[in-house]
Visitor: 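What follows is a single structure, and I will ask about it in a moment.
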Amino acid sequence: MAPRPKGNSVFAKFAASVARRRGTVRRLTTAAVVSGVVASGSLIGAGTAVAADSTQHQGGAVATLNGLTTFDRAVLKVNGKSHPIPAGVFELTVDGGGRLKTYCVDIHNPTQDQAKYLETSWSETSLGTNQNAGKIRWILQHSYPQVDDLAELAKEADTGPLTQKTAAAGTQVAIWRYSDAADVEAVDPAAEKLADWLQKKAKKVAEPRASLNLEPNAVSGKAGGRVGPVTVRTDADQVSLAPPVDAALSGVKITDLDGQPVASAVNGTEVYFDVPAGAPDGTAELTAQAATSIPVGRAFAASTKSQTQILAGSSESTVSATAKATWAKTGAIPALSARKNCAKGGIDITAGNQGDAPLTFELAGSTHTVPAGASKVITVPVAEDRPYDFTITAPGGFQQTFKGILDCKITGVPSTETVTATEAPVSQLGPASAGGAAAGLEGDLAATGGSNYTPMIAGTAVALVVIGGGAIFFLRKKKAPSGGQTEAGHPEQTDGQAETSESDK
């Protein structure tokens, strides 16, 4: 694996795209209206603002689904009927560079070809309420592709010869038994023995921390001081920090507590927005980016209706996160953020106020007041499997948008709606063989769990091209890591812990 970039090498890759964004120094609003599912309301402050959008993402990788690449056959049993389905590994391409291998943890839902996926915490998916989520991560750590010595894996599990296809199928079947409580079996005898062994041996392992996020991702304070802190949470060796694009005009700098400029960070680094005393009321955005191997077990949720995935392997990939600061001289100074809350079936809107006056607004038909120096979290109920689009706007053009789709539950009974897209029959997959076929070249289905019983949108899988010295894209190992450690050897730190700290601030 290539060495991770240091210093400003990562920053150079993304500075140009950051510079193309609209200027983020904005005038603070006097009143806000929340549209969509959220009712109208007001924010107390001073000045006007210019439009700004942000799609909800706590940070990490953004990737596009290529399709199912390494798979074999399985049989799903529902209500006494058997339904043939493919089972195996998906491949995703990371925005900015990188490849991911994933398994499905959402057997009954459809998969959309070329869907956009966002790295996310377990709590924002069905894994958050699944007591066996930790066992799924154990399976990922102790099977294909993390374990690439299939002869040794077959010997340890006493399965008989395994190929990449049958190892992938057996691993996926074991995962489904814990993610969906599915009655599913692999067709190949060795794959089925592997699934049984993994299911029996699995132990609960802690959720891995995010590859990169900023906590909190929205802060506020008075001009003439340092606004923050924002803490960098990452599994990367080093993170590059891009200052606000209008920093030269506004004078806003990214610094440490002592006011010294900061251009890079590591896990735990605290940074601040240093706002000059004469700066007009407004906002600015910090962008962080790194290249790292994303920890196995991270969840990936689609921005559209598509199966939730869980990470099985990662190349060196581009990850990013943003944080926004709002400042003013007097009055209420809001800091707004949102995240999915699958345990409560809705979206948590967090409103902080570091001004010297109360912040009052209406949300979901109720009036809420946040005292000066405090914060409040309001959960807005959202229907399962429905897109949401919360836009906070104000006179003068200020607006901030949080959007996505709430996909928190596994479907107890698969859908029976007719598949309208072309779907390759599982019978065309061919028999499993004892040979070692090349990974990533075995088929063209775009969905795991697809059959005439479970609707799946088919597409063409993109085969992983192996060239010269770049042949090994995915981190693999012959021996799995011990529980309680991330792949980089760091102690576990879950997003759930991060969420608690954010709520307490």
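Scope of the values below: all heavy atoms of this structure, side chains included, with no hydrogens, waters or symmetry mates.
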Visitor: S320: what forms a side-chain contact (heavy atoms from CB on, under 4.5 Å) with it, not counting sequence neighbours?
Guide: Q289
Visitor: Please identify which of these residues, D237, T234, V232, meets the side chain to side chain contact (heavy atoms under 4.5 Å, CB included) condition with N267.
Guide: T234
Visitor: Can R177 and D183 be counted as an ion pair, charged N to O under 4.0 angstrom?
Guide: no
Visitor: In this structure, which one of V105, T125, I294 forms a side chain to side chain contact (heavy atoms under 4.5 Å, CB included) with F300?
Guide: I294
Visitor: Nearest 0.5 Å, what's the CG-OG distance between L100 and S314?
Guide: 5.0 Å
Visitor: Can you find a pair of side-chain heavy atoms, one from L153 and one from W197, that are under 4.5 Å apart?
Guide: yes
Visitor: Sequence neighbours left out, what passes side-chain contact (heavy atoms from CB on, under 4.5 Å) with Q354? Give chain and number order.
Guide: S220
Visitor: Is E91 salt-bridged to K101, cutoff N-O under 4.0 Å?
Guide: no
Visitor: Any carboxylate oxygen within less than 4.0 angstrom of a Lys/Arg side-chain nitrogen, looking at D348 and K340?
Guide: no
Visitor: Is it the case that T292 and E316 place a side-chain donor and acceptor less than 3.5 Å from each other?
Guide: no
Visitor: Strictly by modelled atom types, are T93 and N66 linked by a side-chain donor-acceptor pair under 3.5 Å?
Guide: yes
Visitor: Closer than 4.0 angstrom, basic N to acidic O: yes or no for E215 and R233?
Guide: yes
Visitor: Can you confirm whether the side chains of S306 and T304 place a donor and an acceptor under 3.5 Å from each other?
Guide: no
Visitor: Would you mind reporting whether L65 and Y117 have side-chain heavy atoms less than 4.5 Å apart?
Guide: yes
Visitor: Please report the interatomic distance CH2(W122) to SG(C342), rounded to the nearest 0.5 Å.
Guide: 14.0 Å
Visitor: Inspect the contact between E207 and R137 and indicate whether a charged nitrogen and a carboxylate oxygen are less than 4.0 angstrom apart.
Guide: no
